[in-house]
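Remarks on the structure that follows.
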Amino acid sequence: MTDTEARRPRARSLALYLTIAVLATSAMFGAVLIVVGDQANIAGRAWLTLLLVGAFAGAVALDATASNGPNRWYLPASTITNAALVAVGLLKLWNGVLQPDDTADARVWAVQFWRFAGVVVLARMALLLTQVYGLRFVTRASSRVSSVGGVVTLALVWATALVLALPAILPAASWPDWWWRLAAATTLVATVAAVIPLIVRAFEAKPAAGVSQPPGPQLRTYPPYPFPDAGMYAHPQPTAAPPAMNAPPPAASGFPPPQ
């Protein structure tokens, strides 16, 4: 195997190094807190941390097995998204900044869990929409205008996901009324921007019925070369065999043949 064949793609290398860093950091963090912390409270959070990291490792392994599609950027993008979700989960498990104070209350834990689940759904849905919508309307766009419109739509989708996720990530912060107005506005604009390319594609000119256009470059065809007349290559008719070398000459008229 040559060096070119054995070389790992840059995107897979980035995802691998990021995964190892997240796993090592989370494992060391949980192990230290299990040793020095209160076993009645901190140990449970540490084991939940390991569960969260295990889910992250499983998601990365699942993405790695399905990363050979047309979207080469999907594996590092998904790994970065999952690493951000691990950070959000650790923030809620260990009662980080701008989290509720009474974390011992079961109802607070339940609310925190559903907030984290909502953030996970928002992030993964935005990534899934980027994967499908970006391939259809950006990478394989039929025109420059459609490609730019797809990029703008995806930017609005991620802005909407961020605006909706921040109050769930930092629930103890003060979120004014204009923030929720901004969330509603970005959601409306992103939805309309996502629908417009679908309508434009529905009204695009399509080939006539019965005429199939195979994908890829079209090969130029030529008329068939005329076959030559069969008589040009006909075998010659056999002629009389020449006389043998030692055959006697023919006898003259009125004389017997020579002995």
Side-chain angles (χ1 to χ4, degrees), residues 9-15 18 56 59-60 62-88 115-170 173 175-219:
R10 183 176 301 178
R12 296 179 68 89
S13 299
L14 175 62
L18 182 60
F56 166 77
V60 172
L62 183 62
D63 288 337
T65 59
S67 62
N68 295 324
N71 294 323
R72 299 298 181 183
W73 51 264
Y74 174 74
L75 180 59
S78 180
T79 305
I80 293 173
T81 303
N82 291 332
L85 292 176
V86 170
V88 174
R115 284 171 177 166
F116 177 67
V119 173
V120 172
V121 170
L122 277 174
R124 298 304 303 185
M125 286 298 295
L127 185 62
L128 177 62
L129 185 60
T130 304
Q131 182 184 11
V132 177
Y133 195 91
L135 178 64
R136 187 71 174 176
F137 295 100
V138 178
T139 306
R140 299 178 180 176
S142 57
S143 63
R144 183 69 176 176
V145 176
S146 299
S147 178
V148 173
V151 173
V152 173
T153 300
L154 293 178
L156 290 173
V157 167
W158 281 101
T160 301
L162 181 62
V163 170
L164 293 176
L166 280 178
I169 296 174
L170 306 173
W175 300 101
D177 180 67
W178 63 264
W179 183 269
W180 300 107
R181 293 176 182 270
L182 178 62
T186 54
T187 303
L188 177 62
V189 175
T191 303
V192 174
V195 170
I196 289 177
L198 299 176
I199 298 176
V200 172
R201 182 173 288 272
F203 281 90
E204 285 182 351
K206 297 179 176 58
V211 179
S212 60
Q213 298 292 338
Q218 301 295 324
L219 299 178

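Sequential numbering from 1 along the given sequence is applied to the chain's residues.
The two residues Pro167 and Val163 come nearest to each other via the heavy atoms CD-O, 3.2 Å. Nearest heavy atom pair, residue Trp175 against residue Leu170, reads NE1-O, 3.0 Å. What you find for Arg124 and Ser78 is that their closest heavy atoms are NH1-OG, 3.0 Å.
Legend: residues meeting side-chain hydrogen bond (donor to acceptor under 3.5 Å, both in side chains) with Arg136, ordered by chain and number and at least two apart, are absent. For Val60, the side-chain contact (heavy atoms from CB on, under 4.5 Å) criterion is met by Thr19, Phe56, Thr79, Asn82, not counting sequence neighbours. When the side-chain contact (heavy atoms from CB on, under 4.5 Å) test is applied to Thr187, the partners found at least two apart in sequence or on another chain are Thr160, Leu164, Thr191. Applying the ring-ring contact (aromatic ring centres under 6.0 Å, His included) criterion to Tyr133, with sequence neighbours excluded, gives Phe137. With sequence neighbours excluded, no residue forms a ring-ring contact (aromatic ring centres under 6.0 Å, His included) with Trp180. The side-chain contact (heavy atoms from CB on, under 4.5 Å) search around Ala123 returns Thr81, Leu85, not counting sequence neighbours. Annotation: side-chain contact (heavy atoms from CB on, under 4.5 Å) contacts of Ala161 (sequence neighbours excluded): Ala126.
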Anything under 3.5 Å between a donor and an acceptor, one on a side chain of residues 147-158, the other on a protein residue two or more places apart or in another chain? List them.
{"from": "Thr153", "atom 1": "OG1", "to": "Gly149", "atom 2": "O", "distance (Å)": "2.8"}
{"from": "Thr153", "atom 1": "OG1", "to": "Ala193", "atom 2": "O", "distance (Å)": "3.1"}
{"from": "Trp158", "atom 1": "NE1", "to": "Thr130", "atom 2": "OG1", "distance (Å)": "2.8"}

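Note that the CG atom of Leu162 and the CG atom of Leu166 stand 4.5 Å from one another [nearest 0.5 Å].
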